Amino acid sequence: MERRIIAVLANSVKNHAHCVAGKCIRTGVWIRPVSTPTGGGLNDQQIRYTNKYGSYSVKVLQKIEMEFSAHAPLINQPENFLISHVPWLQRYKIDPSEIGQYLDYPYSLWGEGDNVIFDFIAKGEIKIEQSLQLVRVDGLRFYLNANNKRRASFFYNNIHYDLAVTDPFFHEYINGAKSPNGILCISLAGAWEGRCYKIVATIF
């Protein structure tokens with residue numbers, strides 16, 4: 001068993017499961033808690049934490065102490081850790097002004113386009129060092145496409161990206177209730193029909 005305190009930088013929802021991820025306060029490395037060795041998402045009960053006031057669902061920017069039963073890396077998601085049955089504990093939170101301290105600076109977001117072909121990863125032609133990136137972007141724009149799917153268009157390092165969005169607060173940004181500060185948490189999702197799609201998990 002291993003315990004870590006994580007600064008939570010993502011809690012998105014896809015297919016009725018939560019994808020929670022953050023950076024270890026001590027080491028600064030990404031950790032994605034998962035429910036199965038194959039990278040299963042978390043249910044509503046598994047993302048709850050306790051503090052002196054009671055039990056609540058985890059929120060972005062909180063510091064949460066978690067216990068893991070094992071490191072469960074996948075070739076496309078090396079940060080996966082299998083959660084134990086020990087309840088999560090809140091250990092304060094980080095201020096929005098501190099987010100810049102957690103930024104990543106990759107050359108690109110796993111190349112161009114909105115996905116990576118899984119077979120290239122499986123054959124070692126593309127190596128995924130980390131499947132999560134917290135980056136500052138330019139020209140950020142949110143919209144609903146012709147199929148009413150949530151999308152984000154932006155530039156990172158002069159490369160244009162147009163990605164799906166799973167941030168549960170997307171509509172608050174698109175209707176102007178919230179204003180983004182240009183920082184996004186981007187996640188490389190699990191393989192689907194031979195491709196790993198790049199997803200905007202959190203809008204800051």
Side-chain angles (χ1 to χ4, degrees), residues 7-12 14 19-24 27-32 60-61 73-80 94-204:
V8 177
L9 299 170
N11 178 19
S12 63
K14 186 178 182 183
C19 178
V20 175
K23 289 193 172 185
C24 174
T27 64
V29 301
W30 280 101
I31 289 180
R32 179 190 286 106
V60 171
L61 300 183
L74 301 176
I75 56 173
N76 58 311
Q77 293 183 337
E79 312 87 352
N80 291 3
I94 63 174
D95 189 87
S97 64
E98 300 177 78
I99 295 175
Q101 301 174 23
Y102 294 85
L103 287 175
D104 297 303
Y105 300 92
Y107 176 77
S108 71
L109 302 174
W110 312 285
E112 300 182 9
D114 69 350
N115 69 85
V116 179
I117 297 174
F118 181 76
D119 198 42
F120 291 169
I121 303 173
K123 291 179 178 178
E125 296 175 22
I126 297 175
K127 182 172 177 58
I128 305 299
E129 300 289 350
Q130 61 185 56
S131 66
L132 293 148
Q133 302 284 0
L134 185 71
V135 293
R136 189 181 299 278
V137 303
D138 299 309
L140 181 59
R141 179 176 67 90
F142 303 117
Y143 70 99
L144 297 171
N145 68 10
N147 297 315
N148 207 39
K149 299 297 185 181
R150 304 181 297 178
R151 307 289 297 186
S153 171
F154 59 89
F155 288 87
Y156 175 73
N157 201 18
N158 295 317
I159 303 172
H160 178 249
Y161 293 92
D162 190 304
L163 309 181
V165 181
T166 56
D167 187 312
F169 298 103
F170 172 84
H171 287 287
E172 294 188 28
Y173 287 99
I174 202 169
N175 66 21
K178 286 188 174 185
S179 297
N181 67 6
I183 294 176
L184 302 175
C185 176
I186 314 293
S187 174
L188 192 64
W192 184 73
E193 295 186 347
R195 297 176 184 270
C196 297
Y197 283 88
K198 306 168 189 180
I199 294 172
V200 177
T202 314
I203 304 162
F204 289 101

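Any value given below was found using the heavy atoms of this structure, including those in side chains, with hydrogens, waters and symmetry copies removed. These figures come from a predicted structure and were not determined experimentally. The first residue in the sequence is number 1, and the count goes up from there.
Scanning all heavy atoms of the two residues, the minimum distance from Ala10 to Ala201 falls at CB-CB, 4.1 Å. Minimum interatomic distance between Ile203 and Pro180 (heavy atoms only, all atoms of both residues): CG2-CB, 3.9 Å. Nearest heavy atom pair, residue Leu103 against residue Lys23, reads O-NZ, 4.1 Å. Shown here for Leu132 and Ala21, the closest heavy-atom pair between the two residues is CD1-CB, 3.7 Å. Residues Asn76 and Ala191 approach most closely at ND2-N, 3.9 Å, considering heavy atoms. Here the shortest heavy-atom pairing between Tyr102 and Ala7 reads CE2-CB, 3.9 Å.
To the nearest 0.5 Å, atoms CG (Asp167) and SG (Cys185) are separated by 9.5 Å. From Ile174, atom CD1 reaches atom CZ of Arg141 across 9.0 Å, with rounding to the nearest 0.5 Å. The CD1 atom of Ile159 sits 7.5 Å away from the CG atom of Leu109 when rounded to the nearest 0.5 Å.
Every residue was checked against the side-chain hydrogen bond (donor to acceptor under 3.5 Å, both in side chains) condition with Ser108, not counting sequence neighbours, and none meets it. Applying the ring-ring contact (aromatic ring centres under 6.0 Å, His included) test to Tyr143 and every residue at least two apart in sequence or in another chain returns nothing. Listed by chain and residue number, nothing satisfies the ring-ring contact (aromatic ring centres under 6.0 Å, His included) test with Phe118 (two or more places apart in sequence, or in another chain). Take Arg136 and apply the salt bridge (charged side-chain N to carboxylate O under 4.0 Å, His left out) test, not counting sequence neighbours, and it matches no residue. Taking the side chain to side chain contact (heavy atoms under 4.5 Å, CB included) definition, one finds that Glu98 meets it with Ile94, Asp95, Gln101, sequence neighbours left out. When the side-chain hydrogen bond (donor to acceptor under 3.5 Å, both in side chains) test is applied to Glu172, no partner is found at least two apart in sequence or on another chain. For Lys149, the side chain to side chain contact (heavy atoms under 4.5 Å, CB included) partners are Asn145, Asn147, not counting sequence neighbours. With sequence neighbours excluded, no residue forms a ring-ring contact (aromatic ring centres under 6.0 Å, His included) with His171. Every residue two or more places apart in sequence or in another chain was checked for a salt bridge (charged side-chain N to carboxylate O under 4.0 Å, His left out) with Asp138, and none qualifies.
Under the 4.5 Å side-chain criterion, counting only non-hydrogen atoms from C-beta, Tyr156 is not in contact with Ile186. Side-chain contact between Phe154 and Val200 is present, with at least one heavy-atom pair separated by less than 4.5 Å. Counting heavy atoms from C-beta on, the side chains of Leu134 and Ile183 come closer than 4.5 Å. Under the 4.5 Å side-chain criterion, counting only non-hydrogen atoms from C-beta, Leu184 is in contact with Leu140. Between Ile128 and Ile121, the closest side-chain pair of non-hydrogen atoms falls below 4.5 Å. Using a 4.5 Å heavy-atom cutoff, the side chains of Leu144 and Phe170 are in contact.
Between the Trp110 side chain and the Tyr197 main chain, no donor and acceptor come within less than 3.5 Å of each other. At least one donor-acceptor pair closer than 3.5 Å links the side chain of Thr202 to the backbone N or O of Leu9. Here the side chain of Asn175 pairs a donor or acceptor atom with the backbone of Ala177 at under 3.5 angstrom. A side-chain donor-acceptor contact under 3.5 Å links Asn157 to the backbone of Tyr107. Under the 3.5 Å distance criterion, the side-chain polar atoms of Trp30 are left unmatched by any main-chain donor or acceptor of Glu79.
Judged as a side-chain hydrogen bond (donor to acceptor under 3.5 Å, both in side chains), the pairs with a partner in residues 179-190 (not counting sequence neighbours) are, in order, Arg32-Ser187. Every pair passing salt bridge (charged side-chain N to carboxylate O under 4.0 Å, His left out) that includes a residue from residues 154-165 is listed here, sequence neighbours excluded: Arg151-Asp162. Listed by first then second residue, pairs satisfying side-chain hydrogen bond (donor to acceptor under 3.5 Å, both in side chains) with a partner in residues 111-121 read Asn115-Arg195, Asp119-Lys123, not counting sequence neighbours.
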So Leu188 and Gln77, side chain to side chain contact (heavy atoms under 4.5 Å, CB included) or not? Walk me through it.
CA-CA 7 Å; Leu188 192 64; Gln77 293 183 337; 5.7 Å; no
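Geometrically, Lys178 engages Phe169 in a cation-pi contact, judged by NZ or CZ lying under 6.0 Å from the ring centre and within 45° of the ring axis.
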